[in-house]
Amino acid sequence: MSNDSMVAVMDQCADLSASGADAGMLSSGLAHAQLPPAAGTSTTDSGVLLTEKAVTGLLMLRATSNADALSTALKSYCGIALSSRLHSDTNGAYCVRWMSPDAWVLSCPLEEVFAIEGALRDAIPGHIAIVNISGGYTILELSGTHARSVLMKSTGYDVHPDHLGQGKVVNTTFAKAQVTLRAVEVDEAQGRYELLVRRSFTDYLWLWLQRAGAEYGLHATSEPK
Amino acid sequence: MFLIHCPYCEEHREEEEFHAAGQAHLPRPLDPDSMTDEQWGDYLFYRKNTRGEYRELWVHAAGCGKYFNVSRNTQTYEIYATYKTGEVLESTSQMSVGPTGSVLNYRTADKEGS
């Protein structure tokens, strides 16, 4: 940390390695509701697979005049530059999403989030904002041959692959909540979509998706496939 | 389906994602201390109630979260144009109205430039 920084930065996951994620400070937004249930149909004929990527490291990055400097710093640390309008860029476990003309969300392994925040702050002397939002959001993933059908029931946004192509990110309404919807992998036959969801809406959206996906044989699991 | 064009996302989105935020282009007085209470009250509380073409501030609340300007007809709900804050909208000459009622010859220009 540079000495002239007026920002107090706390490692919110400091004891993660010591005590493990279960005993640690950050747990899944579904934990209290004991979701996902053990039930769910068999994977063999599942048209939709729903998983939670629990406890991912998330950083909200904001910059206007220093966006280029932030982009360069991010490129040197994570290998990806800040994404252009409505797009995302991925490099291994790192993914940066465009949220607004001056805001992006970076996801990374939870163990690295504090180090990345420090590195970016040190690299940019000027006016930027970096906020650790790991505890405020969770990531749900919807995949399979009928994943798009479930989306069509849930959002007014046009999710056809011609419109929501691979890597595209949109903030939109979803059921009675708001999500950041990202097309991870899309082709004619099937799709894999990621929903960045407010933590307090996680159980609502999980139950919504279970119900919306029931007719396609939705299989819900807490483990990433 | 009522779609509104967000000038920041550069896409048409559902009306559901937006909120209206009142009359646009209200310059904040440069020297509030020297104003009378009446003038200050007018600035804070009094808005035009135009029938016809009206300039409004809207926010893409569920999307990018940015405020932008809308030129809208308060009688027919027709949206003529949307443009970023800080831009000005000018009608190039006599209003040229298209088949759906949209004004075709609006263009946005930066305040400083052109």
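In the text below, chain A, chain B and the rest are named by the order of the sequence lines, each starting its count at 1. Keep in mind that what you see is a predicted model, and the values were worked out from it rather than measured. Just the heavy atoms: all of them, side chains too, but no hydrogens, waters or symmetry mates, feed the values below.
Applying a 4.5 Å heavy-atom cutoff, the residues of residues 168-190 of chain A that approach chain B are A/K168, A/V170, A/N171, A/T172, A/T173, A/Q178. By a heavy-atom distance cut of under 4.5 Å, A/R85, A/L86, A/W98 are the residues of residues 80-98 of chain A near chain B, going up by number. Against chain A, the residues from residues 13-24 of chain B that qualify, each with a non-hydrogen atom under 4.5 angstrom away, are B/R13, B/E14, B/E16, B/E17 in number order. Within residues 64-78 of chain A, no residue has any heavy atom under 4.5 Å from a heavy atom of chain B.
For A/R211, the CZ atom counts as loosely surrounded, since its 6.0 Å shell holds 12 or fewer non-hydrogen atoms of other residues, nucleotides or ligands. Within a 6.0 Å sphere centred on CG of B/L44, other residues, nucleotides and ligands contribute more than 12 heavy atoms. Surrounding CG of B/N49 are at most 12 heavy atoms belonging to other residues, nucleotides or ligands under 6.0 Å away. Atom CD of B/E10 has more than 12 neighbouring heavy atoms from other residues, nucleotides or ligands inside a 6.0 Å radius. Atom OH of B/Y46 sits in a sparse spot, with 12 or fewer heavy atoms from other residues, nucleotides or ligands closer than 6.0 Å. For A/M152, the CE atom sits in a loose shell: 12 or fewer heavy atoms of surrounding residues, nucleotides or ligands are nearer than 6.0 Å. Within a 6.0 Å sphere centred on CZ of A/R192, other residues, nucleotides and ligands contribute more than 12 heavy atoms. For OH of B/Y67, the number of neighbouring non-hydrogen atoms (other residues, nucleotides, ligands) closer than 6.0 Å is 12 at most.
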